[in-house]
K.L.:
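Have a look at this one before I ask anything.
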Amino acid sequence: MKKITNYILALGMASGILTACVDDINVGNAFLEKSPGVDVNIDTVFSKAEYTRNFLWSAYGQLYCTYTQGNMMNGAPIDVLSDSYHCYVGWGGPIQSYYPGSLTENAQDTDDGNFQGKFSYSTKTGSSDDANAGGRVSIYETVRKCWQLIENIDRVPDMTDDEKSRLRGEAYTIMASRYYDAFRNFGGLCLVDKAYAVGEGYTQGRSTAWQTVQFIDSLIQCAIKEPGYIWNVPNADIGQWSGRLTKASAYALGAKVWMFAASPLFNNSEPYMRYDKTPTGLENELHVWFGKEDPTLWNRCLQYCDEFFSQNAANGNYYQLIQPETQDEGGYRMAYRRAYRYRNNESRHEKIFDVHPTQYLSDAVVNGQRQNSWGWGWAGFALDCYRQGGAVPTNELQECFGMADGTNFPYADIYGAGKNPNGIDMFADRDPRLYETMVVPRRSFPSAVVGDYNGFTYIDTWYHGGMTSSPDQFGVEGSDDVRSGYRKFKWMLDYSNDKMNDEYIGVAYIRLAEMYLIRAEARAETGNMSGALDDLDVVRSRVGLGRIEKMNPSLNLTTNKENLINEILRERNCEIGAECGDRVYDMIRRMRQDLFCKPLHEIVIYRLDDSGQRMTGDKTNWDASTPWPKFEYEKPQISIGARRWWTPGYWTNKWYLDPVSRVEIQKGYGLTQNPGW
């Protein structure tokens, strides 16, 4: 019988304070300031309510967030593995590991940050236990903390039964989310149902994919059944406790888990990839496959959705979509920005399950300007790598967004010399979320959104415009971030700390808009096409888009299930893309080899002169006293960091799941490798 060594770590005494919404979740290495001569042990942790709470807050610090250093692939978020963003920086994990196809079962789990996988199976040696601070944290550190709290919280003398129940509910939900994080990256997992003592034997080995999803569901049900677990944080407390999990979080997580489980990756008549034809190999297939296709699994997803919306109604519809104050582009954009970017407060409650990445602000002022603080947090790490091209939008993402009236993108044949004889501005009159997601040429900004963009009252990212520098670098001088004519706007706003840190950020693991989209997909899969379209309309109408089936009649969305599912996936990309890595996980769970293998493109925008010729001189600046220019467009295939997946014949389905760490497999407690690795 093998003993647990690194896999289930010893009690990690880490501290944390879930503070007011104007502060950060700050989790460090020391559990608490102990009195002189007093050892911190499990008896200390559960001897006082304050210590017990802090112990749970340390588990909150390990919740998954795309934009913390521990979850970024050496400078790039997971979104750059999808078709929506591309990483250009040569030192980034994707361009070192995933793009060239060099990821292996060994390299992905070493301490070399350039080769780290998109999700860490085990904690990196010497890392902090806080993902915000840069640690690569195994889910099992968090799982152990949560089981220890659940098993010992009744010992706390100065805590009410209601609060004990509430903290247990939060711990169950945290555990379920961490298992789900690993499930969608690796498949079946080793399931830990208690806090193992150091050296205690663990013999269960790796569970099947079906056992894993059932186990995650059981944790969610345990959370829901806790009588003290409240539906929402009361408005009177939200200033202090924004970000705390609730019973609503558990229901929403259940829907998201079953959406993934019901999708074709695991729920299929055949496994996504076969092992070698040996008895052991065939047995291991159940680690990454349910063993059959069961369409009724979508009913389980739908049940969680219906229960969530029913409970939300019973609780006064506490969670609501943030609505525009004005029915125009400025109003739509600000409603969307408030929904995805900012934390819940007393007046807005769209985020159901959110995490708070560390934000570092600098007090230094030089020449009247506040200076960036390059700490390993949101304002430092993410901002710095985005400036350098860590995540650049693709032209495929641009085309994902339709027009302002709700029709889909109509300009598929507009690219190339002479292909746009009328000089159409394809960026005009678009879905307002396009402008909140990526930077494209614009004549002006709605006053409700921003007064300028880095000092510009317009955006001219065309060839040699005022914001560009050289023929081979279509971007801000000294930067690669708009080499393709696009740059990221979502989250970053205008890349300056003054605007980027205007309010404290809450990154949604799940928000209400996604609940409508999850239910839309489940309804479509269970034959309720009209109900699915109604859910789509709720989300789209927030930004002024017409009903999708009426604006795009050729798609036959009331009867064509395949087209409707595709539109739901597109809508998910427009609404929640770049929030929790959902685009790449949508491509994975739906087994979209076509999207992984399709070469992606940049954009080069040419301003046309009065005679309709491309302007290619050193400066093609726009004079605001003249009419807005006309354009031609080229969409060259991305060549820097070209992905091996684009090479005909290269792709194998092994890429849907990551390799399990060879280091962990060799410890001998029952782990198996995923097929193909």
Side-chain angles (χ1 to χ4, degrees), residues 64 66 69-125 127 131 136-139 181-189 206 265 271-276 284 287-288 385 390-391 581 583-589 591-593 595-600 638 640-666 671-677:
Y64 181 79
T66 312
Q69 185 194 358
N71 294 319
M72 296 181 77
M73 296 172 287
N74 198 39
I78 192 174
D79 306 286
V80 301
L81 301 181
S82 75
D83 58 350
S84 294
Y85 294 89
H86 189 75
C87 176
Y88 286 87
V89 292
W91 41 262
I95 210 167
Q96 292 281 338
S97 187
Y98 282 93
Y99 291 175
S102 58
L103 182 72
T104 72
E105 60 182 0
N106 296 317
Q108 69 92 29
D109 202 46
T110 67
D111 291 322
D112 183 354
N114 286 358
F115 290 91
Q116 60 196 3
K118 70 179 188 291
F119 190 85
S120 185
Y121 192 90
S122 58
T123 300
K124 300 297 181 187
T125 303
S127 290
R136 299 284 286 176
V137 182
S138 165
I139 70 165
D181 294 336
F183 175 64
R184 62 183 181 173
N185 285 281
F186 301 111
L189 304 167
R206 185 178 185 184
L265 180 67
Y272 72 88
M273 190 174 187
R274 293 283 186 185
Y275 285 94
D276 293 335
N284 287 346
H287 294 157
V288 294
C385 64
R583 178 59 175 179
V584 69
Y585 288 119
D586 283 350
M587 291 165 62
I588 288 169
R589 68 182 175 87
M591 297 180 62
R592 293 301 301 268
Q593 176 184 342
L595 298 179
F596 278 112
C597 294
K598 179 182 179 180
L600 303 179
I638 292 172
I640 297 177
R643 309 179 195 187
R644 285 288 299 279
W645 303 330
W646 303 341
T647 305
Y650 175 76
W651 173 268
T652 72
N653 283 357
K654 76 174 188 178
W655 290 101
Y656 287 134
L657 293 182
D658 271 9
V660 179
S661 164
R662 173 56 57 183
V663 173
E664 289 298 314
I665 292 174
Q666 290 174 341
L671 270 179
T672 61
Q673 187 53 273
N674 284 333
W677 295 103

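For reference, positions follow the sequence shown, starting with 1.
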K.L.:
For Y272, check ring-ring contact (aromatic ring centres under 6.0 Å, His included) against everything at least two apart and list the hits.
P.N.:
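ring-ring contact (aromatic ring centres under 6.0 Å, His included) list for Y272, sorted by chain: empty.
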K.L.:
Specify whether W655 and W677 have parallel, tilted or perpendicular ring planes, treating 30° as the upper limit for parallel and 60° as the lower limit for perpendicular.
P.N.:
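Geometry flag for W677 against W655: perpendicular rings.
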K.L.:
Test: salt bridge (Lys or Arg N to Asp or Glu O under 4.0 Å). Region: residues 644-653. Which pairs qualify, not counting sequence neighbours?
P.N.:
none
K.L.:
Checking R583 now: which residues fulfil salt bridge (Lys or Arg N to Asp or Glu O under 4.0 Å) with it, not counting sequence neighbours?
P.N.:
D83
K.L.:
Show the numbers, then the answer: is there a side-chain contact (heavy atoms from CB on, under 4.5 Å) between V288 and Y656?
P.N.:
CA-CA 10 Å; V288 294; Y656 287 134; over 6 Å; no
K.L.:
With sequence neighbours excluded, tell me which residues meet side chain to side chain contact (heavy atoms under 4.5 Å, CB included) with P599.
P.N.:
Q637, W646
K.L.:
When you measure from the side chain of N106 to the backbone of R662, do you find a donor-acceptor pair of N or O atoms at a distance under 3.5 Å?
P.N.:
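Here the side-chain-to-backbone pair does not exist.
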K.L.:
Whether the side chain of Y99 engages the backbone of C87 through a donor-acceptor N/O pair (distance < 3.5 Å, no angle test) should be reported.
P.N.:
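A pair under 3.5 Å: yes.
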K.L.:
List for me each residue that meets side chain to side chain contact (heavy atoms under 4.5 Å, CB included) alongside D79, sequence neighbours excluded, and say none if there are none.
P.N.:
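With neighbours one apart ignored, the set is T66, Y67, P77, Y85, A578.
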K.L.:
Between R184 and I588, is any pair of side-chain heavy atoms under 4.5 Å apart?
P.N.:
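No, side chains not in contact.
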K.L.:
Got a sec, which residues hit salt bridge (Lys or Arg N to Asp or Glu O under 4.0 Å) with R589, two or more places apart in sequence or on another chain?
P.N.:
E521, D586
K.L.:
Tell me if the aromatic rings of W651 and F596 count as close, with their centers under 6.0 Å from one another.
P.N.:
yes
